[in-house]
Amino acid sequence: MKQKTPWLAYAIIAIGVITMVFPFLDMVFTAFKGPAELMSVRYRLFPDEFRFSNFQQAVRSLNMGLLFMNSMIVSFSVTGLVLLTSTLGGYALTKLEFPGRDVIFRFILATMMFPAFLFLIPNFYIMVNFPFVNIDGGLAATRWALILPFSVSGFGVFLMRQFIMGIPNALLDAARIDGASEFRIFGQIVVPMTLPALATLAIFTFIGQWNEFIWSLLIYTVNNRLATLPVGIQMLQSHLDPTLTQALVSAGLTISVVPVFVVFVFLQKYYVRGLALSGLKE
Amino acid sequence: MKRRTQQTLLGYTFMLPIFLFYSVFLIIPLGFSLILSFSEWGGFDLSLIRFVGWRNYEDLFSPWSDFLNPILWNTFYYAFGTVFLSFIAALTVAYLVTKLRFQAFWRTMYFLPTVTTVVAIGNVWAYLYHPHGGMINGLLNALGMPTIRFLANPDTALPAIVVVGAWAGIGAAVLILTAGVKAIPETYYEAAMIEGASEWRLFFNITLPLLKPSILFVLITGLIGGLQSFTLIMVMTGDGGPGNATNVAALEMYNQAFRFGNWGLASSMAYTLFIVVFIITAIQLLVFRRGGVESY
């Protein structure tokens, strides 16, 4: 049954889309504005001229080279570790027999019910003091403080377990009969077959970590060399008058947000699958 | 027999990183902060932890405490407000978008805030609300209305942030609701249309009832997320101001611990909020078992 074009539906959706996109457009254009425009009571979306120098100044005054490097290293390391621990765990929980396996799986599921804020206080103390000998700043002296607390994801283990369950046992048994070692079975049969699930988990984890704010902020308070992009930009925002810094903050945000948009638009199929499975964004 | 031992050994080896992680970052911290919630402690030196029994919890729930009113009240206001607004918007979008061409493109646009850091969302919106050069006040002025200092006025600050929280949450809700809408067989609509049902009746008598499991899921998970949320408020207001007008439980916990050094009191707040969240999560699990939609 073919219907006529639903104009009203198009209109409502289009108004909604403008509402979703406008704040980002405003961010990008604000990044080019000068002090006079930012002080003005009159609002204009477009800057009176495109001041690319704002971006240069943002890169310099925010020390964006350092922020970018920290964000990159942390996000890639966390993604790598989560992929590794999730695949190992997912495989063990489905294809290997060992006592207590089901209890362990239920425990991992249960951990996802614990809200993150509950761990901020104790984990911060542990991180700053580990290994509890006279090392100044503990693990917070290194980037490990930003990486380790995110190195295992209950959701990741769950996702990989669901996926690996679909790999037929007969395939693994055949390889065992042929004399393949357990490590070879894992590395050469299981891992290649889980690539689609790994892609989902990788993008989901990377974007989540790139945007992570509160833990990075805590670690920053003890070691400001560890500032990531969100933390560094937020620090500029909160110390100075917004009319003076809004252009720089917007420039910094544009630099940190736009790459994620590009990645997302191209790889959204994988990302959306991860979100649908997690059911809930933090 | 030999293979079983080998598998057990290999299984535990593969699980080792996960065991270590949960011991260090979950079990020990849970115990540590439970002890702290019954103690008074300013951080740093473990030997200065002083056990005070239920006093932290008594302080939280005493009649003159800020924690119940306005902080816990604000927490619920924020959680219910964001969930309600983003649900209404997402339901409209999910229902209408399936009728259009280029569905995937439209949905991508609603998704952008979901992949954006809270620092960007908070700063961009704080500037949209800003009395000097912000778009929203520019629009109000152009329409002849006076400037509103949205984030500085205690009456408007929390509703203004609720709007932002809802805006940011639409994408995830659209995703789940669209999946639900698409799962409804087209024949139901066709049969109703042959009977001469109006568009409104199609929506209220077919879509809405059949969407109930997805709707419940969106509402409850959104509520759980909303109750814990505090970074958006922190980015937009700093400390939950003006006064306590936008202060929520998790933000108060953060401030008590990391600004004022009341680690014991902060831990008791964390546990109190955790229990609230836990009860709602338990209700969610119960509802979904009964509804027979465990697959979610």
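Computed from a prediction, not measured in an experiment: that's the story for all the values here. Every chain is numbered from 1, with letters handed out A, B, ... down the list of sequences. Basis for what follows: all heavy atoms, side chains included, without hydrogens, waters or symmetry-related copies.
When side chains are defined from C-beta on, A:F107 counts as touching B:I27, because their heavy atoms get closer than 4.5 Å. Looking at B:S33 and A:I121, their side chains never come closer than 4.5 Å, going by heavy atoms from C-beta outward. Looking at A:L93 and B:M15, their side chains come closer than 4.5 Å, going by heavy atoms from C-beta outward. Two residues are said to be in side-chain contact when any heavy atoms from C-beta on lie closer than 4.5 Å; A:W210 and B:T117 fail this criterion. Using a 4.5 Å heavy-atom cutoff, the side chains of B:V118 and A:P230 are not in contact. Within the 4.5 Å cutoff, side-chain heavy atoms of A:L118 are placed close to those of B:L30. With a 4.5 Å cut-off on side-chain heavy atoms, A:P122 and B:L36 do not count as touching. Residues B:F25 and A:V152 fail the side-chain proximity criterion, which asks for heavy atoms closer than 4.5 Å.
Proximity to chain A is limited to the side chain of B:F230, based on heavy atoms less than 4.5 angstrom apart. Residue contact with chain A, scored on non-hydrogen atoms closer than 4.5 Å, involves the side chain of B:L128 exclusively. In this structure, the portion of B:Y22 lying under 4.5 Å from any heavy atom of chain A is its side chain and not its backbone. The contact between A:E97 and chain B is made by backbone and side chain atoms together, counting heavy-atom distances below 4.5 Å. For B:Y189, no part lies under 4.5 angstrom from a heavy atom of chain A. Residue A:L84 does not touch chain B at all, counting heavy-atom pairs closer than 4.5 Å. Neither the backbone nor the side chain of A:F206 comes within less than 4.5 Å of any heavy atom in chain B. In this structure, the portion of A:K95 lying under 4.5 Å from any heavy atom of chain B is its backbone and not its side chain. Neither the backbone nor the side chain of A:T94 comes within contact range of chain B; no heavy atom of the residue lies under 4.5 Å from a heavy atom of that chain. Residue contact with chain A, scored on non-hydrogen atoms closer than 4.5 Å, involves the side chain of B:F258 exclusively. With a 4.5 angstrom heavy-atom cutoff, B:R101 touches chain A via backbone and side-chain atoms both. In this structure, no portion of B:L20 lies under 4.5 Å from any heavy atom of chain A. Proximity to chain A is absent for every atom of B:I136, based on heavy atoms less than 4.5 angstrom apart.
Note: A:L96 leads A:T221, A:L96, A:L45 in heavy-atom pairs under 4.5 Å with chain B. Ranked by non-hydrogen atom pairs under 4.5 Å with chain A, the options B:I28, B:I170, B:L112, B:L227 are led by B:L112. Note: B:T108 leads B:T231, B:T92, B:T108, B:N141 in heavy-atom pairs under 4.5 Å with chain A. Between chain A and the residues B:I18, B:L9, B:V277, B:L16, the most heavy-atom pairs under 4.5 angstrom are made by B:I18. Top candidate by heavy-atom pairs under 4.5 Å with chain A, chosen from B:V93, B:T13, B:I121, B:V24, is B:V93. Note: B:G134 leads B:G134, B:P131, B:S229 in heavy-atom pairs under 4.5 Å with chain A. Ranked by heavy-atom pairs shorter than 4.5 Å toward chain B, the options A:I214, A:T85, A:L81 are led by A:I214. Of the residues considered (A:A92, A:P149, A:G100), A:P149 shows the highest number of contacts with chain B, using heavy-atom pairs under 4.5 Å. Heavy-atom pairs under 4.5 Å with chain B were tallied for A:L253, A:I207, A:V157; the largest tally goes to A:L253. Considering only heavy-atom pairs separated by less than 4.5 Å from chain A, the leading option among B:L96, B:T8, B:L100 is B:L100. Interface summary for chain B: among A:P115, A:S86, A:G89, A:G154, the most heavy-atom pairs under 4.5 angstrom belong to A:P115. Chain B forms the most heavy-atom pairs under 4.5 Å with one residue out of A:L88, A:L8, A:V263, A:D26, and that residue is A:L88.
Considering every non-hydrogen atom in both A:V257 and B:A120, the closest pair reads CG2-CB, 3.7 Å.
B:Y12 and A:F98 have their aromatic ring centers within a separation under 6.0 angstrom. Between A:Y125 and B:F32, the ring centre distance stays below 6.0 Å.
Classified by interplanar angle (parallel below 30°, tilted 30° to 60°, perpendicular above 60°), the ring pair B:W167/A:F24 is tilted. Using a 30° and 60° split on the angle between ring planes, B:W106 and A:Y10 fall in the perpendicular class, above 60°.
Here the CD-CZ distance, from B:Q7 to A:R101, works out to 9.0 Å after rounding to the nearest 0.5 Å. Between A:M113 atom CE and B:T281 atom OG1 the span is 5.0 Å, to the nearest 0.5 Å. A distance of 7.0 Å separates CZ in A:F264 from OG1 in B:T114, rounded to the nearest 0.5 Å. Between the CG atom of B:L273 and the CZ atom of A:F117 there is a distance of 3.5 Å, given to the nearest 0.5 Å. Atom CG of B:N137 sits about 12.0 Å away from atom OH of A:Y43, to the nearest 0.5 Å.
Heavy atoms from other residues, nucleotides or ligands lying under 6.0 Å from CZ of A:F105 number more than 12. Counting heavy atoms of neighbouring residues, nucleotides and ligands inside a 6.0 Å radius, atom CZ of A:F22 exceeds 12 of them. Heavy atoms from other residues, nucleotides or ligands lying under 6.0 Å from CZ of A:R44 number 12 at most.
The side chain to side chain donor-acceptor pair (under 3.5 Å) search around B:T178 returns none, not counting sequence neighbours.
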Open item on the list: Under the criterion side chain to side chain contact (heavy atoms under 4.5 Å, CB included), I'd like the reasoning laid out for B:V235 against A:F213: C-alpha separation, chi angles, the key distance, then a yes or no.
Closed with: CA-CA 10 Å; B:V235 170; A:F213 174 59; 3.9 Å; yes
Which donor-acceptor pairs under 3.5 Å do the side chains of residues 11-21 of chain A make with protein atoms, sequence neighbours left out?
residue, atom, partner, partner atom, Å
A:T19, OG1, A:I15, O, 2.8

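Between the side chains of B:N123 and A:Q234, at least one donor-acceptor pair of N or O atoms lies under 3.5 Å.
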